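Heads up, the thing below is written out as structure tokens.
Computation of the quantities below employed the complete heavy-atom set of this structure, encompassing side-chain atoms and omitting hydrogens, waters and symmetry-equivalent molecules. Below, chain A is the first sequence line, B the second, and so on; all start at residue 1. As the structure is a prediction and not an experimental result, all values here were calculated from the model.
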There are 4 protein chains.
Amino acid sequence: MEQHQRPLGRPRSEDARLAVLRAVDDMLVAEGYAAMTMKGIAERAKVGRQTVYRWWSSKAEILLEASAADAARELTVTPGVDAESDVTAFLTALRDFLTRSDAGLAYRALLGEAQHDDRVAELLRGTDVLGDAARACIAGVRARGALAGVPEAGADLLVAELVGPVLFQTLVTGRAAEPEELSGMARRFLAR
Amino acid sequence: MEQHQRPLGRPRSEDARLAVLRAVDDMLVAEGYAAMTMKGIAERAKVGRQTVYRWWSSKAEILLEASAADAARELTVTPGVDAESDVTAFLTALRDFLTRSDAGLAYRALLGEAQHDDRVAELLRGTDVLGDAARACIAGVRARGALAGVPEAGADLLVAELVGPVLFQTLVTGRAAEPEELSGMARRFLAR
Amino acid sequence: MEQHQRPLGRPRSEDARLAVLRAVDDMLVAEGYAAMTMKGIAERAKVGRQTVYRWWSSKAEILLEASAADAARELTVTPGVDAESDVTAFLTALRDFLTRSDAGLAYRALLGEAQHDDRVAELLRGTDVLGDAARACIAGVRARGALAGVPEAGADLLVAELVGPVLFQTLVTGRAAEPEELSGMARRFLAR
Amino acid sequence: MEQHQRPLGRPRSEDARLAVLRAVDDMLVAEGYAAMTMKGIAERAKVGRQTVYRWWSSKAEILLEASAADAARELTVTPGVDAESDVTAFLTALRDFLTRSDAGLAYRALLGEAQHDDRVAELLRGTDVLGDAARACIAGVRARGALAGVPEAGADLLVAELVGPVLFQTLVTGRAAEPEELSGMARRFLAR
DNA sequence: AGCTAACCGAGACGGTACGTCAAGTCTTTTC
DNA sequence: GAAAAGACTTGACGTACCGTCTCGGTTAGCT
């Protein structure tokens, strides 16, 4: 007996989907988030307007889908010689992500939008890119024996103290941290 | 001979100015930043649309003028018994500002807008509410003898490490920090 | 050698055809001509959209097929006692058709559409419901000896003078003629 | 005490109004009623879309305003030698209006639309171009002593019998009446 | 007292994006 | 190969806000 794997009707066009994601990526870099419009995305992707609305309900949703994978990849660091170098590597990746990467630009735009649109805030909460990456980093250094005296319970607090300073520098002062600042943060983070 | 202190013509109406600022304050709380429009502000303030555009070039500018004073006031803490309690008090004020205050809601909206609008970013950089308040707090505890071994040069880094964690919690996780978390942050901040 | 009387493949579904015609009839009465759409017809008939397009090229065409038979039947009058009563009966049937009948509603919609769509005008000219019925009526009274002095040549003019007044009342003033008005028209028509 | 003759705010632009009316006139002849859209009108008139919607709620409304004056003028006939020539002149004007004039094209489009849009029907009823002109013609011949035996009460019926035949020829058969047909109609109309 | 300048409110102006809807076509599976 | 399902492109719909302009009218300092 055969299984009905496919639903009835014409299947969703992968071409259209990719064209939209690519268009959003391009437009964000080329024109900025504010200048991006649903209409413009559809036109740039050479896709019907309805097709965009059928699959995504806002430009934030498209942008998240377009950048989430890149973001996660860019924030994954391969273990190095010791815990401190691992944390420093993570903070460096975080700085680069937030200040230089296209995916990071998208993330900042989304985080910004989340501050005055609850739907975007909720959307962003569902895919906690920064938190997940930070937790992975912390788990890594714990596996090396670092942070031995720190209870598992306050994980969220740890994440905040690890990520917060670099985030502040990016969002508020717009300045990229220097390498020695990052290694200092890493050292103090592990010395708690 | 008398000086022309006043420009020619009808002077600016203080009534109109206050009506606009009040309208913006009200609307931010009542309807949110995204739903606020220049047209709506003018109508709510019972003021001509041109009058708004004459004095402010964007809703961000109005919002900044409407909330900057409140923000600075809410982030000023009176010295307590020791350095740690001062820092804890500052962090508590910061948390309340960001999560509970109307002025803080305005600040978050502006910080959000700054992520995808360079003009707002520049505007916000001109009045570094959070940084100024943090620097004042740090100067206070330095006057008490704390942070003795830390050079003045890295002031920006100090500010980032002081403010960053609470900022991360607010912007990214949307969670208000617990008192014990705040005192822990203060203790570790002074222990560097 | 075998004869293929039937074309290859799945035969046209009579069910689908009737479902569409019925749907159009229902929708015209329920929602009006303007609110009727090809999409809506297909959905109401529970028929694929392409199936509708395969067999009819416009909603006017469907409507004509759905109402032509009814229209012709409603405008056929059985002979009565004399010529004048026949003409009066025809005018009464015409009035009822135009102002009360569903088929008449369809005819008015089509006639309206024909005023700003040449394709519909042509379509309608191919099936001159009103003219045919009027000609039949005139032939009937001629068989009775009436209109003896009127040449056959001006048949179109006769039709216009017979049908025109009631048509004007319906289309322009939207008022249904009174019985005494109709018999007056019939009397004057035969008195020429 | 001063009178406020003008309403507050910027006054309506007569240029914009005329540009829209002219655009509608042009488009009707050039492209036909069905192809006319609110968007197209605004673009052709080089006027904002909102400006069109601010003053008219449908293309029917614009078209009526654009053609009503022309229509009334074209249907006004100057008295001639006798009643019959007056009626013939009116019927000739009516035929020309319905089959040749731009204003008549507009009227036919509106009358058509009225058959499947009640709002247009009501609109058209408010300005009964054909009826008014016919009543004027009838009043004229009455002043000459014609139609002496016909009571004033059935004025609507008279109008229907006068206008109906030509209307039928135009709307249904799409044929323009011959001069001898028109004079025949006039003769029979007065012979009642 | 009159003049000039810049303000005030109201609201129309040309634009443009919004999100929805229908048109007509195309692609896939099912009958 | 027709039928049904449903995604596709196109483009009009009516609404809202954008920033500008054009009114009548007001409020000051300066002749």
Side-chain angles (χ1 to χ4, degrees), chain A residues 2 4-13 15-17 35-43 46-55 57-59, chain B residues 2 4-13 15-16 35-43 45-55 57-59, chain C residues 7-13 15-16 35-43 45-55 57-59, chain D residues 2 4-13 15-17 19 35-40 42-43 45-55 57-58:
Chain A
E2 216 181 357
H4 287 276
Q5 295 166 314
R6 295 243 251 166
L8 278 184
R10 179 175 180 174
R12 176 173 183 183
S13 160
D15 282 2
R17 182 179 154 266
M36 246 172 64
T37 66
M38 292 296 260
K39 192 190 178 209
I41 292 167
E43 280 166 6
K46 303 200 173 195
V47 145
R49 202 124 70 95
Q50 188 91 56
T51 299
V52 180
Y53 282 108
R54 189 166 10 239
W55 301 110
S57 61
S58 66
K59 60 177 177 175
Chain B
E2 217 181 358
H4 287 278
Q5 296 167 315
R6 295 243 254 167
L8 280 183
R10 179 177 179 172
R12 177 173 182 182
S13 159
D15 281 2
M36 247 172 62
T37 66
M38 292 295 261
K39 192 191 178 206
I41 293 167
E43 280 166 5
K46 302 200 175 196
V47 143
R49 202 124 70 94
Q50 187 91 55
T51 301
V52 180
Y53 282 108
R54 194 171 359 244
W55 302 111
S57 62
S58 67
K59 59 178 177 174
Chain C
L8 284 181
R10 182 174 180 174
R12 176 172 181 184
S13 160
D15 283 1
M36 247 173 60
T37 66
M38 293 296 261
K39 192 189 177 207
I41 292 166
E43 279 165 6
K46 301 201 175 194
V47 143
R49 206 118 70 89
Q50 190 77 3
T51 301
V52 180
Y53 283 107
R54 190 163 11 237
W55 301 109
S57 62
S58 66
K59 61 178 177 174
Chain D
E2 219 180 357
H4 285 278
Q5 294 169 315
R6 293 240 259 166
L8 282 182
R10 180 175 178 171
R12 176 173 181 185
S13 160
D15 282 2
R17 181 179 155 266
M36 246 173 61
T37 65
M38 292 296 259
K39 192 189 178 208
E43 281 167 4
K46 301 200 177 196
V47 142
R49 202 126 70 92
Q50 184 81 24
T51 299
V52 180
Y53 282 108
R54 196 171 1 243
W55 300 109
S57 62
S58 66

_Under the rule for salt bridge (charged side-chain N to carboxylate O under 4.0 Å, His left out), what residues qualify as partners of D/Arg17, not counting sequence neighbours?_
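D/Glu14, D/Glu65.
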
_5′-ward residue of the pair B/Ala45/D/Ala45 relative to DNA chain E_ =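 Closer to the 5' end of DNA chain E: B/Ala45.
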
Nearest-angstrom distance from the residue atom [atom1] of [X] to [atom2] of [N]:
{"X": "B/Asp15", "N": "E/dC7", "atom1": "CG", "atom2": "P", "result": "16 Å"}
{"X": "D/Lys46", "N": "E/dC13", "atom1": "NZ", "atom2": "C1'", "result": "16 Å"}
{"X": "B/Leu8", "N": "E/dT4", "atom1": "CG", "atom2": "P", "result": "12 Å"}
{"X": "C/Glu43", "N": "E/dC21", "atom1": "CD", "atom2": "P", "result": "11 Å"}

*asked:* Please report the end-to-end axis angle for the helix from E/dA1-F/dT31 to E/dC31-F/dG1, five pairs per end, rounded to 10 degrees.
replied: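 Angle reported: 0°, given to the nearest ten degrees.
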
*Any side-chain N or O of A/Trp55 less than 4.0 Å from the OP1 or OP2 oxygen of F/dC8?*
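Result: yes.
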
_Just N and O in the side chain of A/Thr51: are any of them under 4.0 Å from OP1 or OP2 of F/dT9?_
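Yes, because at least one side-chain N or O of A/Thr51 sits under 4.0 Å from OP1 or OP2 of F/dT9.
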
*Considering all heavy atoms of both residues, which atom of D/Ala45 and which atom of D/Ala19 are nearest to each other, and what is their separation?*
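Here D/Ala45 and D/Ala19 meet closest at CB-O, 3.5 Å.
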
*Starting at the 5' end of nucleotides 17-22 of chain F, put B wherever the base has a protein heavy atom under 4.0 Å, S where only the sugar-phosphate does, and a dash everywhere else.*
BBBBBB

Under the rule for side chain to side chain contact (heavy atoms under 4.5 Å, CB included), what residues qualify as partners of [X], not counting sequence neighbours?
{"X": "A/Ser58", "result": "A/Ala60, A/Glu61"}
{"X": "A/Arg54", "result": "A/Gln50, A/Thr51"}
{"X": "A/Lys46", "result": "none"}

*To the nearest 0.5 Å, what is the distance between CE (D/Met38) and CZ (D/Arg49)?*
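Interatomic distance, D/Met38 CE to D/Arg49 CZ, rounded to 0.5 Å: 9.5 Å.
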
*Between A/Arg12 and C/Val47, just flag the one whose closest nucleotide in DNA chain F comes earlier from the 5' side.*
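So the residue in question is C/Val47.
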
*Indicate, with a heavy-atom threshold strictly under 4.0 Å, whether A/Ser13 touches base, sugar-phosphate, or nothing.*
sugar-phosphate

